Amino acid sequence: MPGMPFRIQHPTLYKRIVVSHNSVLCLGPSAGVGPSIDRKRVSSFAPSIVSPKSKTKSKKSSASEEPEDFQEDIDLKAFQDHRVNKRLTAEEKLDLYTLMVRIRRFEERAVRGYQQGKIGGFLHDYIGQESVAAGSIPLMEGEDQMITAYRDHGQALAVGMSMKECMAELYGRHTGCSKGKGGSMHFFAPDKHYWGGHGIVGGQTPLGAGLAYALKYRGIKACALCFLGDGAVNQGAFHESLNLAQLFELPVVYIIENNGYSMGTSQDRSSTYVDCLAKRAEGYNMAWDYGNGHLLYEVRARVLEAMERARKKSLPTLLELKTYRYRGHSIADANFEKYRTKEEIKRIRETLDPIMVFQNLLIEEGLLDEDKVKEIDKAARQEALEAAEFADQSPYPPEEEIVTDVYWTTDNPGKHDNQGRIFFND
Amino acid sequence: MAETETATNMREIAYREAVREALAEEIERDENVVIMGEEVAQYNGAYKVTEGLWKKYGDKRVVDTPISEAGFIGMGIGASMLGIRPVMELMFFSFAYVAWDQIVNNAATIRYMSGGLINIPIVIRGPANAGTNVGSTHSHTPENLFANFPGLKVVCPATPYDAKGLMKTAIRDNDPVYVLENTLLYGLKGPVPEEEYTIPLGLAEVKREGTDLTIVAHGRAVLSSLKAAEILEAEHELSVEVVDLRSIRPLDEETILNSVRKTNHALYVEETKPFCGVGAQISHLIQSQAFDYLDAPVARLSAIDAPAIYSDPLEKIQLPNPQRIIQVALGMF
């Protein structure tokens with residue numbers, strides 16, 4: 001944004017958009033679409049420059065250049081009573097918690113594998129964003145489909161892919177989910193309705209529309225979830241997808257996992273917007289929503305509302321979930337402190353870590369105690385360790401594999417008339 | 001699959017009608033086939049290839065899209081992963097570049113990167129030719145570019161018969177097939193059987209038999225080559241064999257090599273640009289597989305290596321025409 005002072009490291013973080021909790025997706029005044037932003041509150045924060053007036057507990061040096069009160073109004077228990085959360089059994093809650101812990105321990109183990117030189121290339125880890133995958137993907141049912149970008153490990157574990165096949169893929173082994181042909185950014189599991197794992201920023205967004213198109217074409221009441229990062233919102237393909245999704249009324253939910261930085265460029269240095277990125281949907285007359293992606297209950301509530309709009313009305317939604325990654329854009333991004341402060345990372349980690357927040361909630365709800373926390377963590381670490389051992393011991397793909405899986409017809413000689421992979425059990 | 005079933009009821013129809021028949025028959029054969037593109041439905045197609053299809057098959061099967069190539073082609077790729085078979089029209093293949101990431105990245109690599117779990121049964125079709133007085137931006141011939149991507153199939157039919165038979169196969173194929181047509185050929189009439197037929201991909205056809213020189217070509221260059229062959233025979237007593245690749249990838253190497261082994265002379269003719277063009281690939285094939293049979297270096301005639309010029313008389317010179325083909329052919333002896 002022209003004139004945007006660079007020193008403001010993360011002005012939009014939790015600051016300007018104040019969601020009206022427990023009233024998800026109130027209808028907008030004119031378009032009949034649903035921003036859940038309290039417009040009055042928003043206007044008091046807009047436009048995008050946050051004045052550094054010291055409202056609250058001022059911290060040290062660089063903190064004074066960041067929004068002082070970025071945690072303002074965050075209710076960590078938001079949406080606890082939403083129907084999608086009330087219906088959860090104790091066991092299901094623990095499963096969601098466990099999933100987040102498993103994702104984190106998997107990623108930590110993968111980082112170690114990278115540092116040991118066992119994983120090459122790029123490794124974009126999901127640490128800090130676990131609540132988005134764990135909050136949204138378990139809501140999939142029936143013929144619902146999903147697709148994501150290159151930060152795809154969390155989603156993979158959430159759809160039920162095993163740590164072993166994922167880790168083996170990172171290690172480039174034949175036992176990997178893509179036989180070692182895809183790598184970190186290109187996990188696939190169509191049997192679990194997981195259509196990748198896509199490496200080009202925004203490149204998956206038309207494909208997400210296409211998954212929804214196929215569902216609609218077949219008259220199936222289901223939806224497609226399409227995840228993207230905040231860096232993808234400026235890609236042309238994404239805007240074309242939004243136009244098509246609304247024009248053709250496709251049952252797709254676009255979920256912007258906004259971790260604040262497109263690689264090393266902050267949101268305010270890369271995007272122009274009013275209030276938030278999702279509000280761009282108004283230009284396409286599309287429903288949109290914004291929420292705190294750290295809070296698993298809130299993610300579930302907001303994603304469910306969007307999924308229901310897709311399934312029941314065959315309409316798309318653009319949902320932005322504010323989240324945060326603690327590490328670099330990829331593991332190779334050693335200088336991530338160049339574009340943000342240590343304090344920022346530390347503060348979010350200490351106050352809004354999705355696992356910590358949910359853990360505290362479950363302890364309060366009486367479902368978790370210290371022993372159980374340790375037990376879950378230990379099991380996740382063990383599973384990740386075993387996955388790494390499995391990967392390490394797995395063979396690389398044989399050389400012949402270089403030329404297989406290029407063409408379906410070459411891989412299936414003599415079956416030229418076969419219809420190939422047809423889904424929906426026909 | 002037989003290349004040609006014995007066709008008893010031939011009739012003359014235009015190239016565009018042949019493509020249209022293929023589309024209509026496949027819409028009727030397979031409920032997953034959907035035609036989409038800019039102006040394909042209510043407008044009846046910018047080049048009238050899809051004329052009447054929307055009226056007959058309705059909104060679900062024939063879909064107008066906005067001018068949004070990256071969006072709708074990507075959408076088609078996504079839908080195809082779930083078993084839909086989109087046949088997407090590019091009004092010009094010159095517009096492929098605004099959808100490049102979808103066309104050569106997503107379509108070509110998803111099967112591979114998924115370890116074979118997914119396939120992408122899409123067709124992208126439309127004209128890809130110069131020579132229509134529209135300037136460079138609308139005159140690209142990217143068949144060599146697409147063919148450079150493992151995972152894609154590239155087809156360039158030269159006749160109505162091939163256009164129909166190859167289109168039907170392309171739609172049934174489980175991989176991405178890009179069918180490059182030619183606006184200068186849309187009105188061309190030729191024999192097409194009443195009966196249903198398909199032509200396999202990767203099968204070249206000897207369009208004319210000869211003993212002295214093999215001309216290999218694809219697309220409209222095949223027709224220019226056939227015309228040149230007639231003149232070469234009549235006026236220069238050269239017996240020319242013309243091999244039409246029909247599909248550039250997969251490539252029928254055997255038919256090319258068999259012909260060259262017979263004539264000992266090979267000339268490639270193409271309307272695309274020479275640098276890293278299809279002819280370069282075929283020349284490599286011939287020299288590496290039939291070197292000992294050659295009595296002369298492999299010759300090549302492509303479009304003159306510059307962006308497509310607008311000015312009409314010069315544009316006609318820029319593309320290979322029978323006169324230039326004859327010139328090059330005679331220079332080989």
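Chain identifiers are assigned alphabetically (A, B, ...) following the order of the sequence lines, protein sequences preceding nucleic acid strands; residue numbering begins at 1 within each chain. What you are looking at is a predicted structure, and each value in this text was computed from that prediction instead of being measured.
In this structure, A:S241 contributes its side chain and B:G71 its backbone to no donor-acceptor pair below 3.5 Å. Checking side-chain atoms of A:D405 against main-chain N and O of B:R111 turns up no donor-acceptor pair under 3.5 Å. When atom types are taken as modelled, the side chain of B:Q102 and the backbone of A:G203 share a donor-acceptor pair closer than 3.5 angstrom. Here the side chain of B:N174 pairs no donor or acceptor atom with the backbone of A:T409 at under 3.5 angstrom. One N or O on the side chain of B:Y112 and one on the backbone of A:I402 form a donor-acceptor pair closer than 3.5 Å.
Only the backbone of B:L152 comes within contact range of chain A, with heavy atoms under 4.5 Å apart. Heavy atoms closer than 4.5 Å to chain B are found nowhere in A:E169, neither backbone nor side chain. With a 4.5 Å cut-off on non-hydrogen atoms, A:L247 touches chain B through its side chain but not through its backbone. Only the backbone of A:T404 comes within contact range of chain B, with heavy atoms under 4.5 Å apart. Residue A:H239 does not touch chain B at all, counting heavy-atom pairs closer than 4.5 Å. Contact of A:I200 with chain B is made through the side chain alone, with heavy-atom distances under 4.5 Å.
Nearest heavy-atom pair across B:G151 and A:V406 is N-CG1, 3.4 Å. Across all their heavy atoms, B:G78 and A:L211 have their closest contact at O-CD2, 3.7 Å.
With sequence neighbours excluded, no residue satisfies side chain to side chain donor-acceptor pair (under 3.5 Å) with B:N44. In this view, A:K192 and A:V159, A:M161, A:A189 satisfy the side chain to side chain contact (heavy atoms under 4.5 Å, CB included) rule, not counting sequence neighbours.
Put simply, the side chain of B:R249 reaches to within 4.5 Å of the side chain of A:Y407, judged on heavy atoms. Proximity of A:L244 to B:P66: side-chain heavy atoms (C-beta onward) are separated by under 4.5 Å at one or more points. Using a 4.5 Å heavy-atom threshold, the side chains of B:M75 and A:F248 count as touching. Within the 4.5 Å cutoff, side-chain heavy atoms of B:N32 are placed close to those of A:R218. Within the 4.5 Å cutoff, the side chain of A:L207 has heavy atoms near those of the B:I110 side chain.
Comparing A:A212, A:S178, A:G182 by how many heavy-atom pairs each has under 4.5 Å with chain B, the most go to A:S178. In terms of heavy-atom pairs under 4.5 angstrom with chain B, the leader among A:F187, A:Y213, A:Y217 is A:Y217. Of the listed residues (A:H198, A:E240, A:E401), the greatest number of heavy-atom pairs within a distance under 4.5 Å of chain B belongs to A:E240.
Within residues 19-26 of chain B, no residue has any heavy atom under 4.5 Å from a heavy atom of chain A. Against chain A, the residues from residues 55-65 of chain B that qualify, each with a non-hydrogen atom under 4.5 angstrom away, are B:K60, B:R61, B:V63, B:D64, B:T65 in number order.
Side chains of A:K179 and B:S114: no donor on one and acceptor on the other come within 3.5 Å.
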Pair B:I120, A:W408 - check side-chain contact (heavy atoms from CB on, under 4.5 Å), show working. CA-CA 9 Å; B:I120 309 288; A:W408 186 93; over 6 Å; no
